[in-house]
Amino acid sequence: MKYKTLKGLQDILPPEIAVWHHVENISRDIFKNYGYQEIRLPIMEATDVFIRSIGETSDIVEKEMYTFQDKGSRSVTLRPEGTASFVRAYVEHHLYNNPAPQKFYYMGPMFRYERPQAFRYRQFYQIGAEAMGIDDPKLDAEIISMISAILKSIGLEGLNFEITSIGCKKCRPDYRTALKNFFSGKLDRFCSDCQRRYDANPLRILDCKVPSCIESRKGSPPVLDYLCGECKEHLDRLRSYLGLLKVQHTVNPNLVRGLDYYTKTAFEVSSENLGSQSAVAAGGRYDSMVEEFGGPPTSGIGFAMGMERIIPLIKNSAGGTDGPDLLFCPMGDKASEKAFLLTEQLRAKGLWVEMNLEDTSLRSQMRKANRIRAQHIIVIGEDELKNNKVVLKNMTSKEEIAAAIEIKELLKIISDRK
RNA sequence: GUGAGUGUAGCUCAGCUGGUUAGAGCAUCUGACUGUGGCUCAGAGGGUCGAGGGUUCAAAUCCCUUCACUCACCCCA
């Protein structure tokens, strides 16, 4: 084999596409009910768009971006996630001038240069949404409830919703200092990654899974104790709204997002059935990114869900698809030409029509009709041409009906029996 | 970037401690008294056994190297 897909990329073939459409259609329907409109964004941006938003020290920026120079020597990057591009567009097109909240959704491929693994690809597809201009936690609750509605409608079970608050510009620095103070004396007890994290992003030490680090960080100051009044109230109200909407969830103070732009609310939806890549959807609030991108102070909240993680969770996803409404089985050149014409004419009338293009035995044509699940067939040969009559056979009921070789009549018979 | 596992037909795999033209099931195509399918039966096509090197009279099988894939760590959707 000469060529193969690049590592971590995959072809999605027709049988599976049906499931993708299923997920996409449900999402679109529910987004519509919640007032979200589709937005389509480029799959690459100036590299700075991602560095400035996701964070210089984040894993994504440090080692996972597909970055290259274009022919004009500009550094461009294939988007590793959707929100940064979205905020760029939001500011570029002054979308904040529309009545708040402005709500958008998108679906499309993202790119991260990681070692592929089960449910993890280098090109992966996300469905995401962003709601802008309102900092009331009702919006947080609404978006989490919407995710729940989508996933429930898709039919997923065994999902856990976790939420937390990671503070804001005002209170996070205090917490950061408190953490560093706590760790500073015993840094040698942590793994090399954590020692690096100490300077880069001490919050990530809380998420380390190395046993000695888990042990050594016991008694570290809890995030929630350091939230400012505003952040604390935000979280409390979010919880009460989620309760009102009956969205089951737990608070996980150690939930750490890999993106630096989050403020206040962060959340993650995980599945028990995905092995080690358990995150199905995740998101959070970002109340200062618009301003950092040159727009007016505007709060925002968004999420993304991973298609490759949702699709394997869908049960009995393999559905048998029907074949063409009609298949012509011509015998001989003359008949084949007539069938060729009729096929085109009936297609123009809105039917799915196929014909056997190879001159093989009727038996083999019938076999093929069966295999492609043709709903009806018409055998057309010398006799049929001479008499201007054909027999239309229903392949499931075996019922046969005589008909004139005439578009209107064929169309009517097939439409009636569909 | 680190660690482990696996590479034989389109797919799933068999091939024991090395021994003649490498197998099965499924799938594909064809045929079964010349124009009617799904079942059955018969047959056909399809593999440089991931690649390169080595040991041997002899390698899919043993050794080395390499590549690819998979899973896990890190991190994440």
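Numbered from 1 within each chain, the chains take letters A, B, ... in sequence-line order. Not measured: the values here are computed from a predicted model.
Surrounding CD of Q69(A) are more than 12 heavy atoms belonging to other residues, nucleotides or ligands, all under 6.0 Å away.
The listed nucleotides are rA68(B), rA72(B), rA77(B); the one nearest the side chain of E114(A) is rA77(B). Listed nucleotides: rA68(B), rC74(B), rU30(B). Nearest to the side chain of T360(A): rU30(B).
A donor-acceptor pair shorter than 3.5 Å cannot be found between the side chains of S278(A) and S270(A). No side-chain donor-acceptor contact under 3.5 Å links T265(A) and S165(A). Side-chain N/O atoms of Y286(A) and E130(A) include a donor and acceptor closer than 3.5 Å. Judged purely by distance below 3.5 Å, without hydrogens or angles, the side chains of T396(A) and N394(A) pair a donor atom with an acceptor atom.
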For nucleotides 45-51 of chain B, give me every protein contact, N/O to N/O, under 3.5 Å, one pair per line with atom names.
none

Polar atom pairs between nucleotides 34-44 of chain B and protein, under 3.5 Å, N or O only, would you list them?
{"from": "rG35(B)", "atom 1": "N1", "to": "E384(A)", "atom 2": "OE1", "distance (Å)": "3.1"}
{"from": "rG35(B)", "atom 1": "N1", "to": "E384(A)", "atom 2": "OE2", "distance (Å)": "3.1"}
{"from": "rG35(B)", "atom 1": "N2", "to": "E384(A)", "atom 2": "OE2", "distance (Å)": "2.5"}
{"from": "rG37(B)", "atom 1": "N1", "to": "M395(A)", "atom 2": "O", "distance (Å)": "2.6"}
{"from": "rG37(B)", "atom 1": "N2", "to": "N370(A)", "atom 2": "OD1", "distance (Å)": "2.8"}
{"from": "rG37(B)", "atom 1": "N2", "to": "M395(A)", "atom 2": "O", "distance (Å)": "3.1"}
{"from": "rG37(B)", "atom 1": "N3", "to": "N370(A)", "atom 2": "OD1", "distance (Å)": "3.1"}
{"from": "rG38(B)", "atom 1": "O4'", "to": "N370(A)", "atom 2": "ND2", "distance (Å)": "2.6"}
{"from": "rG38(B)", "atom 1": "O6", "to": "K398(A)", "atom 2": "NZ", "distance (Å)": "2.9"}

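Proximity of residues 121-130 of chain A to RNA chain B (heavy atom under 4.0 angstrom from any strand atom) is restricted to Y121(A), F124(A), Q126(A).
Helical stems involving RNA chain B, defined as 3 or more consecutive Watson-Crick or G-U pairs under 3.5 Å, span B:1-7 with B:67-73, B:10-13 with B:23-26, B:28-32 with B:40-44, B:50-54 with B:62-66.
Residue pairs meeting the ring pair (Phe, Tyr, Trp, His ring centres under 6.0 Å) criterion with at least one partner in residues 38-67 of chain A, sequence neighbours excluded, are Y66(A)-Y113(A). Listed by first and then second residue, the side chain to side chain donor-acceptor pair (under 3.5 Å) pairs that reach into residues 22-35 of chain A are R28(A)-E38(A), R28(A)-Y105(A), sequence neighbours excluded. For residues 156-173 of chain A, the salt bridge (Lys or Arg N to Asp or Glu O under 4.0 Å) pairs, not counting sequence neighbours, are E157(A)-K315(A), K170(A)-E230(A).
Residues meeting the side-chain hydrogen bond (donor to acceptor under 3.5 Å, both in side chains) test with Q102(A), sequence neighbours left out: Y90(A). Every residue two or more places apart in sequence or in another chain was checked for a side chain to side chain contact (heavy atoms under 4.5 Å, CB included) with D174(A), and none qualifies. Residues passing the side chain to side chain contact (heavy atoms under 4.5 Å, CB included) test with T177(A), sequence neighbours excluded: N181(A).
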Donor-acceptor pairs under 3.5 angstrom involving side-chain atoms of residues 402-414 of chain A: please list them, not counting sequence neighbours.
{"from": "E406(A)", "atom 1": "OE1", "to": "E409(A)", "atom 2": "N", "distance (Å)": "3.4"}
{"from": "E409(A)", "atom 1": "OE2", "to": "A404(A)", "atom 2": "N", "distance (Å)": "3.2"}
{"from": "K412(A)", "atom 1": "NZ", "to": "D416(A)", "atom 2": "OD2", "distance (Å)": "2.9"}

Determine all donor-acceptor pairs shorter than 3.5 Å in which one atom belongs to a side chain in residues 329-337 of chain A; sequence neighbours excluded.
none

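Position along RNA chain B of the nearest nucleotide to T5(A) versus A282(A) favours T5(A) as the more 5'-ward residue.
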